[in-house]
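Working notes, beginning with the structure itself.
First the proteins, then the strands, lettered A, B, ... as listed; each starts at 1.
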Amino acid sequence: MSPLALYDTLTRTTQPFTPLKPGEVSIYLCGATVQGSPHIGHIRSGVNFDILSRWLTKSGYAVTFIRNVTDIDDKILQKAVLEQMPWWALAMKYEREFTNAYAALNVLPPTYEPRATGHITQMIELMKTLIERGAAYAPGNGDVYLSVRTLDSYLTLSRQKLDDLLSSQDSESSFKKDPRDFALWKAAKAGEPSWPTPWGTGRPGWHLECSAMAHAYLGEAFDIHGGGLDLIFPHHENEIAQSQAAGYAFSNIWMHNAWVTTSGEKMSKSLGNSLRVSELLKHFRGIELRWYLGSAHYRSMLEYSREALEESATGFRRIESFLYRAGELLGAPAVASLSQSFTDAMNDDLAVPAALATISESLRLGNSAITSGDMAVLAKSANEIRGALEVLGCDPFDLSFVTGANADETNALDGVIQLALAQRAAARDRKDFAASDAIRDGLIALGITIEDTPQGPRWSISRTEER
RNA sequence: GGUGGAGUGGCCGAGAGGCGAGGCACAGGACUGCAAAUCCUGCUACACGGGUUCAAAUCCCGUCUCCACCUCCA
C-alpha cells in the first residue's frame, strides 16, 4: 500500500507524510473572518480540509482539528457600522451562517473552534515574548509592530524578497521603523472595541490571533496548517514570522486550497448573492453541493457554472440510486469498505478526481451485477462505493443527510403509490397501455419517477429542481 | 516591477516522457408494449512556434492569452 503523501507549499513538493507524534495528527485551519455570508468558495475550503481530516481519521490517525473564527477585524467593524448593529452581534450573525453552511454540507465540526476575542490574553503573552526577544516593538502610541528585518526566514513560504514588495499605502506607517513591518496590535480608536495591554488599549491586528490560538491548542509545533491560496501572503507569512520569532517551530507542512472561480476569475465578495451557500441550497441538496465542491482536486481552481453543478448533481444521484437499489436487493444497506485503488488515489495528495474514477468503475460493475444477479459482486461494489462516499463526506445514509421524514407519512405515501402501481399493473396485464401510461404519466407529473425492474416497479421522488 | 498559477475533446475535469483517467452530453446497439433505469460500442484532445528524445500533453527555449498575490481575501 502506498503511504500518504501530501503537497507542502513551503517546499513545493509532495512528500510522504510523517506526523510529529506517531499515530496523531494536529491541524490548524484558518477558518472564517465572520464579516459576511459564506459563499461556495469559503465552504470549498471547509470541504477540502474536511476530506483531509476524514481521510486521516480513516487511515487510523487520531486527528486534532482546530478551525478558528476571526471575530474582530477592520471589515467587521466597518460592516457593523453599515448594518447598524454592534460589531459582536454582526460577528455572531455571520458565524451562525457559517456554522449552518458547514452543517448543511456535512463538514464535521472541528475538535475546537476558538474565537479571536476569546484569546486576547494569549495574544498579549505572545507579544510580550516577541518584545523580550527583540522581534517586536511598541512605539508608544498603543500599536505593536513586528520587525520583519530581524527575521531570516521571513517570506520563505511565498518565496518573495522583502525589497521587491510594493510598499503599503498604510497611512499609519509613521510609527513603523520599517514600512514593511506589520501590526500585531492596533491602538484603540474612538468608538471601536479595545482591550487593555501593557502598551495601551487596542485591538488585535489581523494575523496575531492565529499564531496565539494555534499555540494555545496545538503547542509549539504541529503537523499541518491549512487555508486558502490567498492566505499564503501575507497572513501565513506573518503567522510564521510571529511564531518563529517567539521560538516556536510552528507548522510542519502547509496546505492551501485553490478557489472557486467564475469566468476564470476569483470569486469576490462583490459578485452578489448568487453564489452564497444559502442561495444554492434552495436548489440543491447539501450533499449534492458538497459532491460538486469536493470533486476537483483541492489545489486546482474549480470553474463554477450552474450547468456543471447540475451535471455533477445528476451524476451523484446516479450513484446514490444505485446504493438504494443495491440495499433493496441485498436486504441491507452497504457496509463501508475501501478499494485499493481508491485508497491509493487518496494517498496521492488526496487525488479525489482519480478516486471518483474508481467509484465510476465500481458503479459500472455493480449495475452489471444487478442485471446478472451476482449478489457477491453487487455487495462488493456497493460496499466500496459507500466506503468511498463516506470518506468524501457524501454518504447518503449518513444521518446528517437523512431528513427527519415522518415514518407514518412515508408509509402512507408508499401505500398510495403502491395502489396506483397495482392499477397500472392490472392495465398492463390486459394490454391496456393507454390506461397504464396515463397512470405513470400522472405520477411523473407529481414528481414521482417509475422504473420497471425485474423485481417489479420502483418509485422514487424526482429531484428535478425548481427554478 | 516581484512572486506564483493556468490554457487538455461539445462541456466538466485528471495526468506530468511511452501502456486511450473518469464523468456529462451526443450517436448507434441490447433490454422494454412504450418508457425509465442499466449495460455495450463509438467520439483519440492537450494555446502557438521551435528544439531534445527511439518516444513529448508531459522536458528545454521562445511567443501569446488569462488569472492570482504583493499587508482586505477561502
Separation of [X] atom [atom1] from [N] atom [atom2], in whole Å?
{"X": "A/E265", "N": "B/rG7", "atom1": "CD", "atom2": "P", "answer": "17 Å"}
{"X": "A/L231", "N": "B/rC69", "atom1": "CG", "atom2": "P", "answer": "11 Å"}
{"X": "A/H236", "N": "B/rA68", "atom1": "NE2", "atom2": "C1'", "answer": "16 Å"}
{"X": "A/K75", "N": "B/rA74", "atom1": "NZ", "atom2": "C1'", "answer": "13 Å"}
{"X": "A/D230", "N": "B/rC67", "atom1": "CG", "atom2": "P", "answer": "17 Å"}
{"X": "A/E328", "N": "B/rA37", "atom1": "CD", "atom2": "C1'", "answer": "13 Å"}
{"X": "A/I319", "N": "B/rA37", "atom1": "CD1", "atom2": "P", "answer": "15 Å"}
{"X": "A/R364", "N": "B/rA30", "atom1": "CZ", "atom2": "P", "answer": "20 Å"}

| message | A side-chain contact here means heavy atoms from C-beta on lying under 4.5 Å apart; do A/Y292 and A/F316 qualify? | response |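 The answer is no, as the side chains (C-beta and beyond) never meet within the 4.5 Å cut-off.
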Just compare [options] and give me whichever is closest to any side-chain atom of [X].
{"X": "A/Q160", "options": "B/rA68, B/rA74, B/rU3", "answer": "B/rU3"}
{"X": "A/R428", "options": "B/rC34, B/rU71, B/rU3", "answer": "B/rC34"}
{"X": "A/F233", "options": "B/rG33, B/rC72, B/rU71", "answer": "B/rU71"}
{"X": "A/V260", "options": "B/rA74, B/rG33, B/rC72", "answer": "B/rA74"}
{"X": "A/D452", "options": "B/rC34, B/rA68, B/rA37", "answer": "B/rC34"}

Using only heavy-atom distances, determine whether the side chains of [X] and [Y] contain a donor-acceptor pair under 3.5 Å.
{"X": "A/Y94", "Y": "A/D71", "result": "no"}
{"X": "A/N238", "Y": "A/Q242", "result": "no"}
{"X": "A/Y217", "Y": "A/H119", "result": "yes"}
{"X": "A/S211", "Y": "A/E239", "result": "no"}

Roughly how many Å apart are [M] and [N], using the [atom1] atom of each and rounding to a whole number?
{"N": "B/rG18", "M": "B/rC59", "atom1": "P", "answer": "11 Å"}
{"N": "B/rU3", "M": "B/rA55", "atom1": "P", "answer": "35 Å"}
{"N": "B/rC48", "M": "B/rU58", "atom1": "P", "answer": "10 Å"}
{"N": "B/rA56", "M": "B/rA16", "atom1": "C1'", "answer": "10 Å"}
{"N": "B/rC40", "M": "B/rC11", "atom1": "P", "answer": "26 Å"}
{"N": "B/rU32", "M": "B/rC24", "atom1": "P", "answer": "24 Å"}
{"N": "B/rG51", "M": "B/rG17", "atom1": "C1'", "answer": "15 Å"}
{"N": "B/rC19", "M": "B/rA37", "atom1": "C1'", "answer": "34 Å"}

Any base atoms under 4.0 Å from [X], or only sugar-phosphate, or nothing? Heavy atoms, all strands.
{"X": "A/G227", "value": "sugar-phosphate"}
{"X": "A/N238", "value": "base"}
{"X": "A/Y154", "value": "base"}

Whether [X] contacts [N] is assessed here as follows: a side-chain N or O lying under 4.0 Å from the phosphate OP1 or OP2. Is that the case?
{"X": "A/R12", "N": "B/rG5", "answer": "no"}
{"X": "A/R318", "N": "B/rU38", "answer": "yes"}
{"X": "A/K266", "N": "B/rC69", "answer": "yes"}
{"X": "A/R325", "N": "B/rU38", "answer": "no"}

Taking the inter-plane angle between the rings of [X] and [Y] on a 0 to 90° scale, is it parallel (under 30°), tilted (30 to 60°) or perpendicular (over 60°)?
{"X": "A/Y102", "Y": "A/F98", "answer": "tilted"}
{"X": "A/F222", "Y": "A/Y28", "answer": "tilted"}
{"X": "A/H225", "Y": "A/F250", "answer": "tilted"}

| field | Centroid under 5.5 Å and tilt under 30°, A/F433 to B/rG33 | value |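 A/F433 vs B/rG33: stacking yes.
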| query | Rounded to the nearest 0.5 Å, how far apart are CZ of A/R203 and CG of A/D73? | reply |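 Going from the CZ atom of A/R203 to the CG atom of A/D73 covers 7.5 Å.
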| Atom pair CG (A/D74) and OG1 (A/T33), whose distance is rounded to the nearest 0.5 Å |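 With rounding to 0.5 Å, CG (A/D74) is 10.5 Å from OG1 (A/T33).
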| Residue whose closest nucleotide on RNA chain B lies nearer the 5' end, A/F182 versus A/F98 |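 Result of the comparison: A/F182.
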| field | Closest-nucleotide 5' rank along RNA chain B - winner of A/D437 and A/S321 | value |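 This one resolves to A/D437.
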| request: Give RNA chain B the dot-bracket treatment, 5' to 3': Watson-Crick (N1-N3 with N6-O4 or O6-N4) or G-U (N1-O2, O6-N3) under 3.5 Å, [ ] crossing, | other strand. | output: (((((((..(((.....[...))).(((((.......)))))....(((((..]....))))))))))))....
| said: Please determine whether any donor N or O and acceptor N or O are separated by less than 3.5 Å between the side chain of A/N367 and the base of B/rA37. | reply: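 Under the 3.5 Å cut-off, the side chain and the base do not form any donor-acceptor pair.
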| said: Quiz question: going by heavy-atom distance under 3.5 Å, is there a donor-acceptor pair between the base of B/rG2 and the side chain of A/D163? | reply: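 Under the 3.5 Å cut-off, the side chain and the base do not form any donor-acceptor pair.
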| Option passing ring-ring contact (aromatic ring centres under 6.0 Å, His included) with A/H207 (candidates A/F233, A/W185, A/Y145, A/F182) |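 So the option named by the test is A/F182.
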| query | Under 6.0 Å from the NZ atom of A/K380, do we count more than 12 heavy atoms belonging to anything else shown? | reply |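 Count not over threshold, so no.
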| field | Protein-to-nucleotide contact annotation, 5' to 3' order, nucleotides 8-22 of chain B [B base; S sugar-phosphate only; - none; under 4.0 Å, heavy atom] | value | -----SS------BS
